[in-house]
Structures are given as structure tokens and as C-alpha cells.
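What you see is a predicted model; the values in this text were computed from it and never measured.
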Amino acid sequence: MTDLSQTDDEHILTIIRRRAAEVVPTTADGAPLSADSSLAAAGCNSIDRAEILALVMEDLGVVVPLDEFERSLTLGQVAALMRKHR
């Protein structure tokens, strides 16, 4: 049996990676973004992060209160937050 939340998180991670690549085509270290990556560590400044998160929320049709986002959230944690607000 497939864990639906894991499937949802993978789908959301795919959207986050796609939107991040549109905003910041190359990460700071050139490594691909994983669930354990953070946008800040990948070299995204606060404006980049806000733009990426806004685009992802728009794609998913969700609204996540900004105070739930922290600078150090991993992409996996962001995906879980987005899923929680779906």
C-alpha cells in the first residue's frame, strides 16, 4: 500500500524544484535540490524564497501563513506544510 502523504510530498517537491529552477537556475553549490535541502542553503535570498513559495502556493491552490515558514526549513518540511494546508 502506498503512503498517500509521501506521494503528495513527492509531487509537491517536484513543483518546488521546478519553480526554484525558474527563479534561481543554478544553486550555490550546483547540486540538485533534495528533500533535505533548504532554499537558503542553495543560495536563494529572501526575495527568491518568497517568490518560489508564492508560485508553489499558487500552483497548489493553498495559502500557508507566512509565519509558518522559517529560514531553515528543508524542502521536505515545506512540502509537508503545503500538504497540511491543502
> Do the side chains of Arg83 and Leu60 get nearer than 4.5 Å, heavy atoms only?
Replying inline: no
> side-chain contact (heavy atoms from CB on, under 4.5 Å) with Pro65: which residues, sequence neighbours excluded?
Replying inline: Asp67, Glu68, His85
> Considering all heavy atoms of both residues, which atom of Ser37 and which atom of Pro32 are nearest to each other, and what is their separation?
Replying inline: OG-O, 4.1 Å
> Does Leu73 reach the side chain of Leu81, with side-chain heavy atoms less than 4.5 Å apart?
Replying inline: yes
> Out of Val24, Leu75, Val23, which one pairs with Leu39 under the side chain to side chain contact (heavy atoms under 4.5 Å, CB included) rule?
Replying inline: Leu75
>> Before you tell me yes or no, could you show the steps for Arg86 and Asp8 under side chain to side chain contact (heavy atoms under 4.5 Å, CB included), namely the whole-Å CA-CA distance, both residues' side-chain angles and the distance that decides it to 0.1 Å?
In response: CA-CA 10 Å; Arg86 275 184 119 174; Asp8 285 349; 4.2 Å; yes
> Given the rule that I, L, V, M, F, W and Y join up when any side-chain heavy atoms are under 4.5 Å apart, are Val62 and Leu66 in one cluster?
Replying inline: yes
> Is there a side-chain contact between Cys44 and Ile52 (heavy atoms, below 4.5 Å)?
Replying inline: yes
> Taking all non-hydrogen atoms of both residues, which atom of Gly43 and which atom of Asp48 are closest, and how far apart?
Replying inline: O-OD2, 4.4 Å
> Side chains of Val78 and Val56: does their closest heavy-atom pair fall under 4.5 Å?
Replying inline: no
> Can you name the side chain to side chain donor-acceptor pair (under 3.5 Å) partners of Gln77, sequence neighbours left out?
Replying inline: Thr74
>> Holding to salt bridge (Lys or Arg N to Asp or Glu O under 4.0 Å), I want the full list of residues that pass it with Glu22, two or more places apart in sequence or in another chain.
In response: Arg18, Arg19
>> Checking Ala79 now: which residues fulfil side-chain contact (heavy atoms from CB on, under 4.5 Å) with it, not counting sequence neighbours?
In response: Asp9, Ile12, Leu13, Ile16
> What pairs with Thr14 under side chain to side chain donor-acceptor pair (under 3.5 Å), at least two apart in sequence or on another chain?
Replying inline: none
